[in-house]
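Here is the structure we will look at.
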Amino acid sequence: MGLQRFIAERKQSKDILVMAHVVCGYPSFEENLQELEIMAEAGVDLVELQFPFSEPSADGPLFVRANEQSLKSGTTVDQCFEFMKLVSARFPFKVLMMGYYNTAFKMGEEAFVKRVKESGGVGYILPDLPIEESAKLHRLSEEAGIEPIILMTPTTSDTRLAKLGAVSRGLVYVVARKGVTGSKTQMGDDVLALIERCRQHTDVPLGVGFGISSKADIDVLRGHADVAIVGTAALKTWQEGGAPGLRQFFAELMA
Amino acid sequence: MGLQRFIAERKQSKDILVMAHVVCGYPSFEENLQELEIMAEAGVDLVELQFPFSEPSADGPLFVRANEQSLKSGTTVDQCFEFMKLVSARFPFKVLMMGYYNTAFKMGEEAFVKRVKESGGVGYILPDLPIEESAKLHRLSEEAGIEPIILMTPTTSDTRLAKLGAVSRGLVYVVARKGVTGSKTQMGDDVLALIERCRQHTDVPLGVGFGISSKADIDVLRGHADVAIVGTAALKTWQEGGAPGLRQFFAELMA
Amino acid sequence: MDIFDFSEGREGYYGEYGGVFLPEILQATIEELLVCFRECKADPKFWQDYVALLQNYSGRPTPITHLENLSRKLGGAQIYVKRDDLNHTGSHKINNVMGQGLLCQRLGKSKVIAETGAGQHGFATATMAAKFGFECKIYMGAVDVARQRPNVFWMENLGAEVIAVEDGQKTLKDAVNECMRDWVTNMADTHYILGTACGPHPFPEMVSWFQSIIGLEAREQMLKQAGRLPDRVYACVGGGSNAMGIFQGFMDDDVELIGSEGGGHGVGSYMHSSRLAYDDATVGVAQGYKTYFLQNDEGNMNETHSVAAGLDYIGVNPIFAHLHDQGKVRFEAATDVEVKEALKLTMRTEGLIPALESTHAFVTAIKEAPTMGKDQIILINQSGRGDKDIFTIADALDDAKWKSFIGGKADQYRAENN
Amino acid sequence: MDIFDFSEGREGYYGEYGGVFLPEILQATIEELLVCFRECKADPKFWQDYVALLQNYSGRPTPITHLENLSRKLGGAQIYVKRDDLNHTGSHKINNVMGQGLLCQRLGKSKVIAETGAGQHGFATATMAAKFGFECKIYMGAVDVARQRPNVFWMENLGAEVIAVEDGQKTLKDAVNECMRDWVTNMADTHYILGTACGPHPFPEMVSWFQSIIGLEAREQMLKQAGRLPDRVYACVGGGSNAMGIFQGFMDDDVELIGSEGGGHGVGSYMHSSRLAYDDATVGVAQGYKTYFLQNDEGNMNETHSVAAGLDYIGVNPIFAHLHDQGKVRFEAATDVEVKEALKLTMRTEGLIPALESTHAFVTAIKEAPTMGKDQIILINQSGRGDKDIFTIADALDDAKWKSFIGGKADQYRAENN
Ligand SMILES: Cc1ncc(COP(=O)(O)O)c(C=O)c1O
Ligand SMILES: Cc1ncc(COP(=O)(O)O)c(C=O)c1O
């Protein structure tokens with residue numbers, strides 16, 4: 001089942017879905033599994049598995065260090081795909097590859113798409129790959145039946161939103177504010193207006209991310225966005241409060 | 001009795017005179033007196049009393065440090081003149097002021113000449129005062145009956161030797177070699193040739209200095225020069241061997 | 001040949017290299033920059049203002065010096081040197097920085113950010129920011145901050161905020177990432193002054209354009225001073241901006257162009273920064289553009305090394321990747337050891353102190369000059385002066401007196417603190 | 001007015017100042033130098049060669065920079081700066097040194113000696129010697145060797161022998177004496193490259209002549225760039241060579257000339273090096289010439305002080321002593337504290353880092369600019385760049401991070417030795 005249909009189905013029973021995030025191999029694949037267990041329990045709908053990269057220039061400090069540590073402990077792309085396979089088989093949520101374009105480029109776009117698909121991934125997010133550079137990858141993905149997640153942002157002009165909208169499939173990632181992952185976003189009228197703008201240019205579901213850390217944030221989005229994307233806040237909770245902390249975090253978040 | 005007559009008289013009983021050197025106030029005026037005592041005993045004929053100066057650029061390391069130490073311990077020009085007075089009264093040798101021109105310039109040339117005369121000095125050596133700058137000082141000295149000691153050197157042209165010769169009075173200081181005071185000179189044909197050259201341009205007695213340190217050096221000069229000038233070697237001996245050393249040095253030198 | 005004529009190919013691409021690989025959030029900013037840059041490039045007044053600014057502020061044109069002693073000693077080609085070391089702040093970096101300063105003014109932005117490795121580009125940027133009245137933040141790897149304190153000292157005194165980047169290898173490439181992070185947040189009022197001909201389009205073209213002043217001057221000067229063009233032109237290649245700068249003067253001529261990369265510990269050592277001279281680099285996409293990177297099979301960047309901090313970088317400008325493919329520029333490497341020897345030789349023979357970066361160009365030229373005829377001419381770009389790098393050079397030459405001086409100075413400071 | 005026209009007075013005298021007060025042994029050498037210098041001065045080709053050498057090797061002409069920010073901030077006169085800091089080796093000292101290099105060649109001598117205080121002149125001389133192939137000895141007070149190690153490091157690497165002078169105060173004046181001592185021994189094959197417009201005739205005239213290139217350029221540039229001559233010209237005064245250099249461009253004009261001396265701890269402190277601005281100096285004879293010296297009643301030199309080692313000297317050139325008497329040049333002093341403030345201001349406002357010496361000229365200009373009209377113009381001579389003086393400037397600004405960097409560096413070196 002494709003990503004877009006999965007979201008549509010899930011949305012029949014929920015007014016907003018939740019997408020969570022883990023950095024593969026950080027702190028370790030074992031702990032990743034524990035985190036994912038908790039996310040699954042809490043009813044998380046989608047998970048991005050970030051493949052660590054040495055130059056994560058769109059990430060904030062917490063993820064930067066997570067990328068770095070994971071690579072230091074020897075994480076390979078192959079391990080990440082194996083992990084993806086394991087995860088997508090074990091858990092009810094859908095899994096996306098998240099990472100930087102060089103990972104895909106180095107293995108070759110064909111091989112990349114094939115491997116995502118084989119590993120049970122329903123799509124991928126490559127934040128440093130603009131649509132101008134994606135034609136071939138998008139075509140291959142379409143052939144394979146996986147989705148490239150396109151990002152729309154507060155700085156994107158209407159002209160460009162139209163262009164992005166035209167090629168969007170599966171899910172659009174609406175970036176709630178300028179900046180990198182990790183800092184807090186004031187979820188308010190600005191974000192809602194942005195969602196409104198994006199909605200005019202695409203029919204695919206809209207996920208909103210960057211700085212979502214509480215139920216209150218999600219409540220703001222309810223009725224406007226299809227998916228709330230939670231990244232740094234969860235990792236931070238894991239680091240500070242371990243499994244009990246994370247369990248409580250998702251319980252409160254999704255209450 | 002003027003310097004030139006004094007030399008002429010002494011030369012009746014000796015084939016070469018000896019001029020020695022002390023730096024006033026170094027190591028102290030007391031030690032200066034002890035040195036002079038020894039020089040007098042040994043029969044030294046002339047003594048230069050060097051007035052310490054802060055920029056003794058024509059002196060070698062030993063005298064440079066002596067100048068410096070003397071000033072550091074508070075030696076003043078006035079003390080030097082007082083010392084000159086004492087010395088010229090007490091000892092049979094004749095005394096000359098030696099120093100740099102600024103000492104004379106700062107007290108005023110009239111005052112300087114007057115004070116040398118009053119202190120029993122028969123002349124002065126100011127190595128940084130060329131004849132072009134000496135007209136007035138020479139006139140004043142002549143009036144007072146003291147002698148400005150002119151230097152002739154290995155680099156002086158015949159034309160210039162003639163000029164120097166024309167104004168020379170009392171004693172000419174023949175600089176045995178290039179350089180500053182203190183290093184050893186090879187006393188040989190070069191020096192004798194230089195003396196010969198100088199002799200052609202002046203009738204006043206010739207003293208030869210720079211690097212004389214032994215009886216052998218003096219023996220070379222005997223019959224050619226009128227005065228052998230001993231500077232650094234004596235001070236070095238005093239520093240290393242004290243009074244007994246210096247006594248022996250002069251005994252051997254003048255044997 | 002106009003390498004910047006994209007009418008036949010894709011805008012911002014040199015062969016398969018270049019492009020714009022940036023987060024969507026920056027697309028508007030990079031578009032705005034591109035539009036502004038196109039205006040500037042089309043406006044002869046802009047270039048005039050640029051040249052006048054460099055003349056009055058930085059001492060351009062920098063001269064060409066004929067190294068008669070070194071030429072005689074090597075017994076081959078006549079060696080000439082383009083003296084970009086005489087620029088204000090001590091290197092060619094000021095050219096690019098002043099140009100981007102003018103452009104930033106035109107963009108109406110009030111803040112600038114820049115990455116720096118050796119500190120030379122940061123120093124130049126801080127200087128420009130003081131002159132233009134921009135707020136200025138310099139991102140610098142923590143390792144570089146620690147070892148390049150003199151430049152940090154000057155940047156701070158020029159009013160810049162220097163931010164030590166604690167991520168990754170804590171060196172240049174990490175400073176670039178951190179700049180990107182600042183930029184995606186503050187692009188509204190901030191211009192990113194990239195320091196070399198790398199990064200996303202239009203940076204490679206823009207930096208090359210500003211640096212082309214070196215080659216423009218040099219060509220004219222060679223004709224005037226030596227009566228003809230050089231047979232070969234040598235430049236060191238970090239990101240490739242000084243080399244692009246001087247090479248552009250001779251692109252359409254029968255002149256061989258040679259880039260000299262950081263050979264570090266040598267071929268096979270994997271402790272170097274030779275992307276094109278050695279075979280260790282492969283094509284990849286990082287830091288906003290596609291080019292040859294020193295990376296592993298999975299696309300993660302390798303550690304790099306050069307005695308010259310300014311060459312110690314994972315990537316190379318995409319234009320060079322293309323010119324290399326086409327055989328239009330030859331790339332060689334100079335090892336750390338060779339650099340030290342060439343530096344000593346140049347100091348003693350000619351009284352010049354090239355920056356360690358620039359000395360890489362000297363190494364290759366010194367190797368090749370003796371094999372050339374006495375009637376042949378070579379031109380070396382001296383991109384910077386070495387006296388700013390006293391710590392690095394004293395370390396490289398392992399100078400005992402310097403070390404004991406530093407020891408004494410440290411003791412003095414400690415005593416003052418007690 | 002030609003101050004070097006001696007036809008009416010005594011050769012080598014400026015009023016009652018100047019002359020030749022040297023040991024007889026040097027009379028032939030100084031005469032030979034004078035004859036050679038007169039030939040050079042009369043030979044237009046010599047000056048052409050000199051200018052060409054400086055253009056090709058040192059980057060002359062150095063530009064004039066309009067300090068718009070500082071002028072605006074001070075709200076008075078428009079401030080222009082002559083950029084001799086952009087010279088090769090970082091100061092105006094290279095002008096004189098290159099000129100004397102050519103002259104030494106003409107004299108047929110193969111060795112050069114020079115005194116140096118800050119090390120700037122020694123650095124320039126070592127550079128020139130490398131370029132000309134002369135053997136080179138630099139005399140430097142032991143105190144200066146210890147505190148100016150960076151310059152010593154470069155001199156040695158340029159192939160010069162640096163001799164630490166252990167006599168006297170172990171600073172500049174003692175290095176001068178030691179040079180004289182070398183010269184009286186080795187004059188046959190050795191030329192003494194005196195570093196400033198002091199010492200026996202013809203040095204004051206000769207050094208002034210070589211430095212006059214600054215003023216020649218500056219006058220023309222001001223006319224071209226500002227459309228008219230400046231109302232006032234400011235220069236710092238150590239021995240007086242850079243000031244003589246720029247002032248000579250404006251001697252016959254209605255331009256006020258202001259020399260700025262090292263005020264050290266201020267008037268009455270007796271810890272300064274202001275010979276003419278303060279009343280502490282008197283006329284004397286030392287180091288080969290007659291001028292104002294900071295000396296006691298008996299003619300022994302006093303200790304002097306300035307935060308700028310290059311101004312920290314007992315005497316001043318005899319030409320200035322005369323022009324001061326005649327009221328043709330006004331002398332002011334800048335204290336250490338004022339210098340630090342002006343340096344900070346200049347760095348932040350304009351991105352310029354004047355040498356501590358040059359900053360003395362900025363201090364006086366900055367004091368006076370606000371009292372002048374907006375339509376008035378002042379010109380400051382920036383004789384050197386400050387980035388060579390990082391130790392001194394970091395000490396002056398009491399920079400804590402610098403000190404801890406040095407501490408860390410010292411620890412690193414000690415660890416390497418174990
Ligand atoms: C003096 C100097 N030359 C060369 C470089 C290398 O940069 P690029 O290849 O962009 O000229 C640097 C970089 O810091 C530098 O400081
Ligand atoms: C940069 C600079 N300016 C000025 C001076 C002072 O010398 P002068 O008065 O001869 O120009 C020095 C001396 O070292 C110097 O280095």
Side-chain angles (χ1 to χ4, degrees), chain C residues 55-60 62-66 69 83 85-90 123 126-131 133 146 149-150 152-154 156-159 225 343-344 347-353 387-388 390-391 393-394 397 399 401-411 413-414 416-417, chain D residues 55-60 62-66 69 83 85-90 123 126-131 133 146 149-150 152-154 156-159 225 343-344 347-353 387-388 390-391 393-394 397 399 401-411 413-414 416-417:
Chain C
Q55 283 177 351
N56 297 335
Y57 189 64
S58 187
R60 298 210 77 89
T62 60
I64 293 246
T65 304
H66 182 195
N69 304 331
R83 299 291 304 284
D85 61 303
L86 290 174
N87 269 307
H88 184 49
T89 76
F123 187 6
T127 298
M128 180 278 283
K131 175 82 183 158
R149 172 59 53 186
V152 176
F153 176 82
W154 296 121
E156 290 181 343
N157 274 292
L158 287 159
Q225 230 167 293
L343 176 62
K344 285 193 229 167
M347 288 195 284
R348 295 202 174 212
T349 327
E350 295 288 351
L352 299 183
I353 309 178
D387 65 342
K388 65 182 173 49
I390 189 161
F391 283 90
I393 295 185
L397 303 181
D399 190 276
K401 287 193 225 163
W402 173 257
K403 292 181 179 180
S404 88
F405 162 69
I406 293 298
K409 209 66 198 162
D411 293 344
Y413 291 150
R414 276 170 196 142
E416 283 167 12
N417 273 352
Chain D
Q55 283 176 351
N56 297 335
Y57 190 65
S58 187
R60 300 211 73 91
T62 59
I64 293 248
T65 305
H66 182 194
N69 305 331
R83 299 292 304 284
D85 61 304
L86 290 174
N87 269 305
H88 184 48
T89 75
F123 187 4
T127 298
M128 180 279 283
K131 176 83 182 152
R149 172 59 55 186
V152 175
F153 176 81
W154 296 121
E156 290 180 344
N157 275 292
L158 288 159
Q225 230 166 294
L343 176 61
K344 286 193 229 167
M347 288 194 286
R348 296 205 172 208
T349 326
E350 296 287 350
L352 299 183
I353 309 179
D387 64 344
K388 64 181 174 56
I390 189 162
F391 284 90
I393 294 185
L397 303 181
D399 190 276
K401 287 192 225 164
W402 174 256
K403 292 181 179 181
S404 89
F405 163 69
I406 293 298
K409 209 65 198 160
D411 292 346
Y413 290 151
R414 276 171 199 143
E416 282 168 12
N417 273 352

Flag the pair C:K403 / D:E416 as yes when at least one side-chain heavy-atom distance between them is below 4.5 Å, and no otherwise.
yes
Most contacts with chain C, counted as non-hydrogen pairs under 4.5 angstrom, among D:V152, D:D411, D:L158:
D:L158
Where does C:F153 contact chain D at under 4.5 Å (heavy atoms): side chain, backbone, both or neither?
side chain
Worked check of side-chain contact (heavy atoms from CB on, under 4.5 Å) between C:E156 and D:K401
CA-CA 11 Å; C:E156 290 181 343; D:K401 287 192 225 164; 2.7 Å; yes
Heavy-atom check, side chain of C:R83 versus side chain of D:N56, under 4.5 Å
no
For D:R414, which atoms come within 4.5 Å of any heavy atom of chain C: side chain, backbone, both, or neither?
side chain
Who wins among D:G59, D:A129, D:P150 for the most heavy-atom pairs under 4.5 Å with chain C?
D:P150
I'd like to verify something: which residue of D:S404, D:A126, D:G408, D:G159 has the highest number of heavy-atom pairs under 4.5 Å with chain C?
D:G159
Top of D:L397, D:L343, D:I393 for chain C proximity - count of heavy-atom pairs under 4.5 angstrom
D:I393
Value for CG (D:D399) from CG (C:N157), rounded to nearest 0.5 Å, stands at 6.5 Å
Answer with side chain, backbone, both or neither: which region of C:T349 has an atom nearer than 4.5 Å to a non-hydrogen atom of chain D?
backbone
Please enumerate all residues that pass side chain to side chain donor-acceptor pair (under 3.5 Å) together with D:D387, with sequence neighbours excluded.
C:R385, D:R385
Using a cut-off of under 4.5 Å for heavy-atom pairs, which of C:D85, C:T127, C:T62 has the most such pairs with chain D?
C:T127
Could you look at C:E350 and say if it's the side chain, the backbone, both or neither that has a heavy atom under 4.5 Å from chain D?
both
D:I406 versus C:I406: any side-chain heavy-atom pair under 4.5 Å?
yes
At a 4.5 Å cut-off on heavy atoms, which part of C:I390 comes close to chain D: side chain, backbone, both, or neither?
both
Closest heavy-atom pair, D:A130 versus C:G351, reported as atoms and distance to 0.1 Å, is CB-N, 3.6 Å
Between C:M347, C:K131, C:R348, who has the most heavy-atom pairs with chain D when the cutoff is under 4.5 Å?
C:R348
Here the pair of heavy atoms bringing C:G407 nearest to D:A410 is CA-CB, 3.9 Å
Best-contacting candidate, D:T89, D:N87, D:T65, against chain C by heavy atom pairs under 4.5 angstrom
D:T65
By ring pair (Phe, Tyr, Trp, His ring centres under 6.0 Å), which residues pair with C:F405, not counting sequence neighbours?
C:W402, D:F391
Output the option from D:Q225, D:M128, D:Q55 having the highest count of non-hydrogen pairs under 4.5 Å with chain C.
D:Q225
